[in-house]
Amino acid sequence: MAPICNKFKPKHMKYEILCAIKSCQLRGLLQTVKWLAELSVSLKCDPETPQRGDGCGKFVIGFDVDADGQHTNQKPSDNFTLAKSYFDLGEYDRCAHFLSQDTSKLGYFLHVYSRYLSALKTKQVSQIDNHNIAERSLSKNEDLRTLRVELCKKHKNKELDSFALYLYGIVLKKTSDGAAQQNEAVNILCQSVREYPMNWSAWYELSTVVADQAMLATLHLPKHWMRDFFLALTNVDLINTDDAIPIYNELKLAGFAESTHIKTQEAMAHHNKREFDEAITILEDIRKDDPFRIEHMDILSNMYYVKGRRAELAHLAHHCTQVDKYRVETCCIIGNYYSIRSNHNKSVMYFQRALKLDPHYLGAWTLMGHEYTEVKNTSAAIQAYRNAVDLNRRDYRAWYGLGQTYELLKMPSYSLYYYKQAHRLRPFDSRMLMALGDTYEALQRPEEAKMCFRKTVAVGDIEGMAHVRLAKLYKTEDKKDWAAHYYDRFVQQLEEHGIVEGTSAHTEAYLYLANYHLKTSKNLDAATHYAHKCREYPEVREDGMAVLRQVSQIRACAGSRKEERLPVNFTQPTPSHLQDSVGMDTDSPSANFAPMKLTFSPGQADSDTSNLM
C-alpha cells in the first residue's frame, strides 16, 4: 500500500486531529487523546476546515457535531456528566449503572466501555499473584462473554457506531476461542477504522492481530492518512523495517517531522535491526525534549544493557524511579540495572513487580525468562517465555529463549522447533541461524548444519564463528581441503575485523592450517607463516615450534632446491576440484536466502532437508 499522507494539507489534518481529540475525550479514550495531542503539537499550523469529498474531509464530523451525529455544543445531560465523573475516577461500575438507560450512542458506548474496564480490573485484582498467563486468560470471563453477546446482537441490527465497533472488536479478540473469532475481530476493527479513521486505539488493536505481511495486504482499510501510521507501526512490529522507514519519511514530509511517535518508532526500527547506536541517539534526544517521559525508556535500558553502558543505565534507573517508581517501564529498567550487576535475584524481583502492575506486559516476561536462564532455573524460564509467546507470538526473543532453555536441558529436538519459530520471525538474523546449525549438529544432521552455517555467512555473521563451525564439520568428515578453506576464511575475517580474538578458535585455526600446509598441500611457506602465528599464543606455542622444526628438516633434506614462495599476505585459494554441494557461492554476503519452512514439532520426525531451501 503506497503512502497517501502527502496528498493532504497539514491544516486539514490539524483540524481532523482536534475534532478527534474532542470526540475521544467524551468517551474516556485517554490513550488515544494523548497520542493525538502529541501529534497535534508536532503539526505547526492552524486548523482549516476541509471540504467534504476532498480526501480526508469526507471523514470529518466537525467541532460542533460528534461522531454519532449529536451536537456537542449542546449541554450534556446531568446524568451523563455525573457518570463521566465516576468514569474519570475509575468507578466503572457506578458509571455503567447511571448510564444503563441512556439510549444515545455516546451514552451507550461509555456504558459498555465501563463494563469492559470493570471486568478487566476485577480479573487483574483476583489474579494479582498468579504468574500463569493461561490462567489469566479472559476467554472464559463471564462478564466479557455476556458483553460480547450483547454487542453481537446490536451489530447484527446495525446499531453500533464506529466507537462501539472498536469495543466489540477488542472484546472479541480477548474472548476468542479460536481462529474464526479472531478473524471476526479483525473484520470488526477494520469496519471501525473505515467508519472513523481518527480512533488510534482501533488502529493499534488491529495492528496487534496482524500475523504477517500476507495478512496485512488483505485488510480492507480506508484511504486516509491515519492508515500510513498504522502501516508503519505494523511493519516495525513485523520486523519489516525496509517498508516502515519510507512511510515515516513521507509522514515527516507531510508535516509530522517533530512527532515523538515517529521518532520513537524510528528508534524501534533501528533497534530491531540491531543498530543500537542509532536507536540510542534517537531515544536520548527524545529524553532531552521530554525528560519526564517513561514510555519506551525500558527499550533504551535494554540497549544500554547490551552495550555494557552501566553508568548510563544506573542514571536512567535512578531518574525513572524519581519520576514514577510504580510504572511498569521503571520496574523493568531497575531489573536491567540489577541484571548488569549480576544480582539476578533482585532483577527477577523487579520484573515480577512489573508483572503485578501489568500482567500482560510482554517485555517483562521475556526479560524475566532471561534472568531465570542465567541462574539455571529452567522450569521458571520456560514458563516465563511461554507466557510471553501466549501474549505475542511474534516475539522472536521468547521463541529463541525457549530454544536456549531446552538446549540447556539437552533436548535438541525441542530446541530445533523453537529455534525454527525464531528464525521464521527473523530470517536474516545470524544468531537464529547459528542456533539452528548448532542444534542440527547436536542431532547429528551435518548437512543441514552446514547449510545453516553457510546462510549465516551470507546474511552477515554477527558472532564471526560460522566459518569455524563449517571447518570443524569438514574436519570431522576428514575433508581436509574444505576444512582448510573455511579455516582460512575465518583467519582472514579475524585479521581484517578482529572478530572473536582472544578465544581458542583462532589458535585452533592457525594450528590446523600449519599442519595442513605441512602435510597435505606441501606448501612450506604457508606452513611457516601459520606456525609463527601459533608461537604468539602459549597454548599452541610448542605445536608451532614442532611444525617449524619439521619445515627446517624438510628444507635441509631438499638441499639447495629453490622453493616457490608466497607473499606475506597469503590467501589460501579454494582447491579447484572442490565444488559447493548446493551449486552456489554460499559465502557471498549478497546471497539472498529464503527463510526456512517450519514443518517440525517436538516429538515428531524432522528429517526432510527441504525445510532448509
Exercise. Within a strict 4.5 Å, meaning less than it, do heavy atoms of the Asp429 and Val459 side chains meet?
Worked result: no
Exercise. Would you say the side chains of Asn392 and Asp395 form a donor-acceptor pair under 3.5 Å?
Worked result: no
Problem set entry | Cation-pi, Phe163 ring and Arg27 (6.0 angstrom, 45 degrees) | yes
For this session: Without swapping roles, check the side chain of Ser415 against the backbone of Gly403 for a donor-acceptor pair under 3.5 Å.
Result: yes
Exercise. Among Trp399, Tyr414, Tyr385, which residue meets the ring pair (Phe, Tyr, Trp, His ring centres under 6.0 Å) test with Tyr406?
Worked result: Tyr414
Exercise. If we only count heavy atoms from C-beta on, is the Tyr196 to Asn199 side-chain gap below 4.5 Å?
Worked result: yes
Exercise. Do Phe229 and Leu39 come close enough that some side-chain heavy atom pair is under 4.5 Å?
Worked result: yes
For this session: Answer yes or no: is there a donor N or O on one side and an acceptor on the other, between the side chain of Ser207 and the main chain of Trp203, under 3.5 Å?
Result: no
Problem set entry | Value rounded to 0.5 Å, distance of NE2 in His270 from CD1 in Ile282 | 4.5 Å
Problem set entry | Glu312 CD: over 12 foreign heavy atoms closer than 6.0 Å | yes
Exercise. So, does Asn235 use its side chain to make a donor-acceptor pair with the main chain of Leu231 at under 3.5 Å?
Worked result: yes
Exercise. Backbone N or O of Val306 within a donor-acceptor pair of the Asn302 side chain at under 3.5 Å?
Worked result: no
Exercise. Is Val210 close to Phe230 at the side-chain level, that is, under 4.5 Å between some pair of heavy atoms?
Worked result: yes
Exercise. Should the ring pair His271 and Phe276 be called parallel, tilted or perpendicular, given that the plane angle runs from 0 to 90° and is split at 30 and 60?
Worked result: tilted
Exercise. Ser301 and Asn336: side-chain hydrogen bond (donor to acceptor under 3.5 Å, both in side chains), yes or no, with the steps?
Worked result: CA-CA 7 Å; Ser301 76; Asn336 279 334; 2.9 Å; yes
Exercise. Do the side chain of Arg327 and the main chain of Ala354 share a donor and acceptor less than 3.5 angstrom apart?
Worked result: no
Problem set entry | Heavy-atom check, side chain of Ile188 versus side chain of Leu160, under 4.5 Å | no
For this session: Taking Asp298 for its side chain and Thr330 for its backbone only, find out whether a donor-acceptor pair lies under 3.5 Å.
Result: no
For this session: Would you indicate whether the side-chain heavy atoms of Trp200 and His261 approach each other to under 4.5 Å?
Result: yes
Exercise. Going from CZ on Arg431 to CG on Leu436, what distance comes out if it is rounded to the nearest 0.5 angstrom?
Worked result: 13.0 Å
Exercise. Would a distance-only check, ignoring hydrogens and angles, find a side-chain to backbone donor-acceptor pair under 3.5 Å from Lys44 to Val41?
Worked result: yes
Problem set entry | Any donor-acceptor pair under 3.5 Å from Ser40 side chain to Leu36 backbone | no
Exercise. Do Tyr418 and Thr439 have side-chain heavy atoms sitting under 4.5 Å apart?
Worked result: no
Problem set entry | Pairwise side-chain contact, Val193 with Met226, heavy-atom cut-off 4.5 Å (strictly under) | no
For this session: Return yes if some donor-acceptor pair links the side-chain N/O of Arg148 with the main-chain N/O of Thr175 below 3.5 Å, else return no.
Result: yes
For this session: Anything under 30° is parallel, anything over 60° is perpendicular, the rest tilted; go ahead and classify Tyr400 against Tyr419.
Result: tilted
Exercise. Hey, do the aromatic rings of Trp225 and Phe256 have their centres closer than 6.0 Å?
Worked result: yes
